[in-house]
Each structure stands twice: as structure tokens, then as C-alpha cells.
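All residue numbers in this chain count up from 1 along the given sequence. Since we're looking at a predicted model, the values are computed, not measured.
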Amino acid sequence: GWEALLLANKLNDICDPTDPNTYEEAHKLCEDYYKTPNASSQHQIYACGHCHIDAAWLWPFNETRRKVARSISVQFRLMEQYPDFRHCQSSSLFYEYIKEDYPTLFEEVKEKVAAGKLIPVGGTYLEFDGNLPSGESMCRHFLYGQRFFKEQFGQKCTIFFMPDTFGYSANLPQIMKLSGIKYFYTNKMSWNVFNNFP
């Protein structure tokens with residue numbers, strides 16, 4: 001269980017797929033894990049692509065709108081090359097940008113969602129900060145996000161996606177449950193340099 005997750009996190013830190021010099025160290029890290037016998041049941045691991053896009057970072061706001069469309073277009077071309085490839089994308093705001101600025105691309109978005117190749121995640125208007133906003137603000141993020149996903153794709157998100165937060169509100173579990181969220185994804189729990197994740 002946890003051993004696989006921790007191993008994957010360590011591999012992510014040391015292995016660079018573009019640098020064969022990192023492969024040996026990564027392989028050594030995996031050797032003990034590979035020697036462990038399987039339990040009576042086994043986990044299945046699924047990998048899904050994602051483009052993390054900050055709505056406002058170190059570029060003009062309009063660049064975000066273009067970046068969202070370029071990123072999704074690239075993923076669709078990868079789906080053509082690799083039929084089993086899946087991509088998840090959060091933030092209903094980004095889908096709104098595509099709908100407003102690139103309507104033909106948005107039609108392709110709807111097709112890919114219907115085919116299960118593009119997976120809307122998050123259920124929120126935008127990936128928000130988990131510390132500063134009030135519970136009311138978080139509720140509105142879910143309200144507007146889930147409404148968009150239901151209206152445009154006929155389904156609400158079941159995975160709350162929060163990969164780039166710097167903290168977690170104690171309000172989140174209840175807000176997530178009331179918003180129809182069943183699962184939670186994040187990856188910053190082990191990035192703390194002061195407190196080790198148990």
C-alpha cells in the first residue's frame with residue numbers, strides 16, 4: 001500500500017526519463033520493493049496525464065487562455081498516437097476559456113469526455129488555495145465548477161483535484177462530500193521539509 005506510494009514519490013524525485021544516467025539509481029531504489037512477495041490481493045496502478053496550469057502566474061492573463069487550448073490540443077494529438085492514453089484536466093474555468101475562444105476545440109473536448117479519454121477532475125471553478133479562502137468561498141468554487149461540468153458534460157466530477165496547494169482546510173471533507181466528491185487527489189503532503197509524512 002503506502003510503500004508503493006512512497007517509492008513512486010522517491011522515484012519521481014530522482015529519475016529523469018530524459019537522462020539515462022538516473023536509471024541505475026532508480027533501479028536500485030526499486031530492488032527491495034521488487035523482491036517483496038505479493039499479498040493475497042494486488043493493487044492496480046493507473047497513470048493519467050495532467051497539465052497543471054496556473055490561471056495567473058508569470059505571464060499575462062490572456063496567455064493562460066491560449067496555454068489552456070494549446071495544452072489540451074497537444075493531449076488530443078497524443079491520444080491519436082497512443083489510443084490508451086488518458087488525460088485529466090481540472091478547473092471549469094479552463095474549459096470555459098476553450099468554449100469561448102475555441103468552440104471547435106470545445107466540441108472535441110466534449111467528444112473526448114464522452115469517450116472517457118479526457119477526464120474532468122476537481123469539481124471546482126479553479127484549483128484554489130486550501131488555507132486562505134473561507135468555507136463559503138470553497139463552497140462556491142464547487143457550486144460553479146460542478147454546475148458547469150454537469151451542464152456541459154452531463155456529469156459531475158467525483159475526484160477533487162488539489163495538486164498545488166500549500167495547506168488544507170478542515171472544512172474540505174464536508175464540502176467535498178456535499179458536492180458529490182468521492183475521492184481526493186493531492187501530491188504535496190510529502191513535500192514538507194520539517195514534518196515527515198507518517
Would you kindly confirm whether [X] and [Y] end up in one hydrophobic cluster when ILVMFWY residues are joined by side chain heavy atoms under 4.5 Å apart?
X	Y	result
Tyr125	Ile175	no
Met138	Phe149	no
Leu132	Leu126	no
Tyr185	Leu5	no
Val68	Phe61	yes

Without swapping roles, check the side chain of [X] against the backbone of [Y] for a donor-acceptor pair under 3.5 Å.
X	Y	value
Thr186	Met162	yes
Tyr23	Pro17	yes
Arg86	Ile119	no
Asn131	Phe166	yes
Ser71	Cys51	no
Ser91	Phe94	no
Thr158	Lys182	no
Gln146	Cys157	yes
Asp54	Trp57	no
Tyr95	Gln89	yes

- prompt: Checking side-chain contact (heavy atoms from CB on, under 4.5 Å) against Ile53, which of Lys67, Arg70, Glu127 comes through?
  reply: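 For Ile53, the side-chain contact (heavy atoms from CB on, under 4.5 Å) test succeeds with only one of Lys67, Arg70, Glu127, which is Lys67.
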- prompt: Between Glu96, Arg147, Lys99, which is the residue that forms a side-chain contact (heavy atoms from CB on, under 4.5 Å) with Gln152?
  reply: Lys99
[X] and [Y]: which non-hydrogen atoms are nearest, and at how many Å?
X	Y	value
Cys88	Cys48	N-SG, 3.5 Å
Thr64	Ala56	OG1-N, 4.4 Å
Ala26	Cys15	CB-CB, 4.0 Å
Ile14	Thr22	O-CB, 3.4 Å

message: For the CG atom of Asn171 and the CE atom of Met176, what is their distance to the nearest 0.5 Å?
response: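 Here the interatomic distance stands at 12.0 Å.
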task: With rounding to the nearest 0.5 Å, note down the distance linking CG in Leu29 to CG in Asp13.
output: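 The CG atom of Leu29 sits 10.0 Å away from the CG atom of Asp13.
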Considering only heavy atoms from C-beta outward, does the side chain of [X] approach that of [Y] to under 4.5 Å?
X	Y	value
Cys30	Leu7	yes
Tyr183	Phe161	no
Ile159	Ile181	no
Gln155	Val113	yes

Looking at [Y] and [X], is there a salt bridge between them, counting it only when a charged N and a carboxylate O are closer than 4.0 Å?
X	Y	answer
Arg66	Glu63	yes
Lys117	Glu111	no
Glu31	Lys28	no

- prompt: When the ring planes of Phe106 and Phe153 are compared, do they come out parallel, tilted or perpendicular, using 30° and 60° as the limits?
  reply: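 Judged by the thresholds at 30° and 60°, the geometry between Phe106 and Phe153 is tilted.
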- request: Using the ring-ring contact (aromatic ring centres under 6.0 Å, His included) rule, collect all pairs that involve residues 128-147, keeping only residues at least two apart or in two chains.
  value: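 Every pair satisfying ring-ring contact (aromatic ring centres under 6.0 Å, His included) with a residue in residues 128-147: Phe128-His141, Phe128-Phe160, Phe142-Phe160.
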- request: For Phe85 and Met79, run side-chain contact (heavy atoms from CB on, under 4.5 Å): C-alpha distance rounded to whole Å, both residues' side-chain angles, the deciding distance at 0.1 Å, then the answer.
  value: CA-CA 5 Å; Phe85 176 68; Met79 289 174 190; 3.6 Å; yes
message: Glu151 vs Lys110, test: salt bridge (Lys or Arg N to Asp or Glu O under 4.0 Å). Steps then yes/no.
response: CA-CA 11 Å; Glu151 288 174 358; Lys110 292 196 307 192; over 6 Å; no
query: Counting heavy atoms not belonging to Glu80, are there more than 12 under 6.0 Å from its CD?
result: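 More than 12 within 6.0 Å, yes.
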message: For Phe76, does the six-membered ring have the charged nitrogen or CZ of Lys112 within the cation-pi criterion, i.e. under 6.0 angstrom from the centroid and within 45° of the normal?
response: yes
- request: Go through Leu105 and Ser73 one step at a time and tell me if the side-chain contact (heavy atoms from CB on, under 4.5 Å) criterion holds.
  value: CA-CA 8 Å; Leu105 179 59; Ser73 295; 3.6 Å; yes
